Amino acid sequence: MAAIAPDTHEALSGLSVGDLDFLESAVGLREVTREVTGLDARTFALVKIGALIALDAPPASYAWQVGNALEEGVTPEEILGVLRAVAPQVGGPRLIAAAPEIMLALGLTLPEEG
């Protein structure tokens with residue numbers, strides 16, 4: 001096993017579990033990036049969720065981006081609208097993979113399989 005500095009371990013741990021404060025400091029260029037796009041904060045947040053769905057992103061990414069979107073005033077209904085909007089382009093498997101991650105990021109309980 002490689003020798004890993006405590007700061008490196010902490011950084012990787014924070015990123016891997018989607019620690020919102022850590023992610024913001026690690027990727028703190030979000031506001032600069034948004035300004036370059038010309039999009040308002042709500043639209044920018046929704047576009048980023050659409051990109052996560054298209055990329056089949058890991059759960060921590062959803063936790064962070066959905067949290068950002070909610071802070072910008074995006075509603076859960078608008079996030080569902082993004083899922084529906086990208087459905088024809090990304091297909092059913094990506095929607096099925098994204099839906100539970102979005103539910104968890106919204107603080108919802110996943111339904112029982114039945």
Side-chain angles (χ1 to χ4, degrees):
M1 179 186 245
I4 300 171
D7 289 349
T8 301
H9 182 260
E10 183 180 342
L12 291 170
S13 295
L15 287 169
S16 67
V17 298
D19 180 301
L20 300 182
D21 292 329
F22 187 82
L23 285 169
E24 183 60 33
S25 67
V27 191
L29 301 176
R30 181 174 55 138
E31 189 61 28
V32 172
T33 303
R34 187 191 65 76
E35 289 173 5
V36 171
T37 68
L39 299 173
D40 64 84
R42 293 177 76 257
T43 303
F44 185 74
L46 289 168
V47 168
K48 301 230 357 173
I49 291 171
L52 294 179
I53 296 164
L55 293 170
D56 197 18
S61 297
Y62 285 98
W64 183 46
Q65 191 54 50
V66 168
N68 289 337
L70 294 173
E71 287 178 13
E72 296 298 346
V74 170
T75 66
E77 293 76 16
E78 290 171 315
I79 294 170
L80 176 59
V82 169
L83 270 171
R84 290 176 172 155
V86 300
Q89 284 73 33
V90 302
R94 296 229 176 182
L95 290 183
I96 292 167
E101 302 307 337
I102 290 171
M103 287 182 69
L104 292 173
L106 290 170
L108 300 172
T109 303
L110 296 178
E112 297 284 328
E113 289 189 38

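Every value quoted in this text rests on a predicted model; they were computed, and no experiment measured them.
- L95 approaches A87 most closely through the heavy-atom pair CD1-CB, 3.2 Å.
- Rounding to the nearest 0.5 Å gives a distance of 11.5 Å between CG of L80 and CD1 of I49.
- The side chain to side chain contact (heavy atoms under 4.5 Å, CB included) search around L106 returns V66, L70, P76, I79, I102, L108, not counting sequence neighbours.
- Considering every non-hydrogen atom in both S61 and L52, the closest pair reads O-CD1, 3.5 Å.
- By the criterion of side-chain heavy atoms lying less than 4.5 angstrom apart, applied directly or through intervening Ile, Leu, Val, Met, Phe, Trp or Tyr residues, Y62 is grouped together with V74 in one hydrophobic cluster.
- We find the CD-CG distance between Q65 and L46 to be 9.0 Å, quoted to the nearest 0.5 Å.
- Clustering of Ile, Leu, Val, Met, Phe, Trp and Tyr by side-chain heavy atoms under 4.5 Å joins I4 with none of the others.
- Between atom CG of residue L83 and atom CD1 of residue I96 there is a gap of 11.0 Å, rounded to the nearest 0.5 Å.
- When all heavy atoms of G73 and R42 are compared, the closest pair comes out as O-NE, 3.4 Å.
- Across A105 and A63, no two heavy atoms sit closer than the pair CB-CA, 3.8 Å.
- Separating the CD atom in E101 from the CD1 atom in I53 is a distance of 11.0 Å, to the nearest 0.5 Å.
- Annotation: side chain of P111 is in contact with side chain of M103 (closest heavy-atom distance under 4.5 Å).
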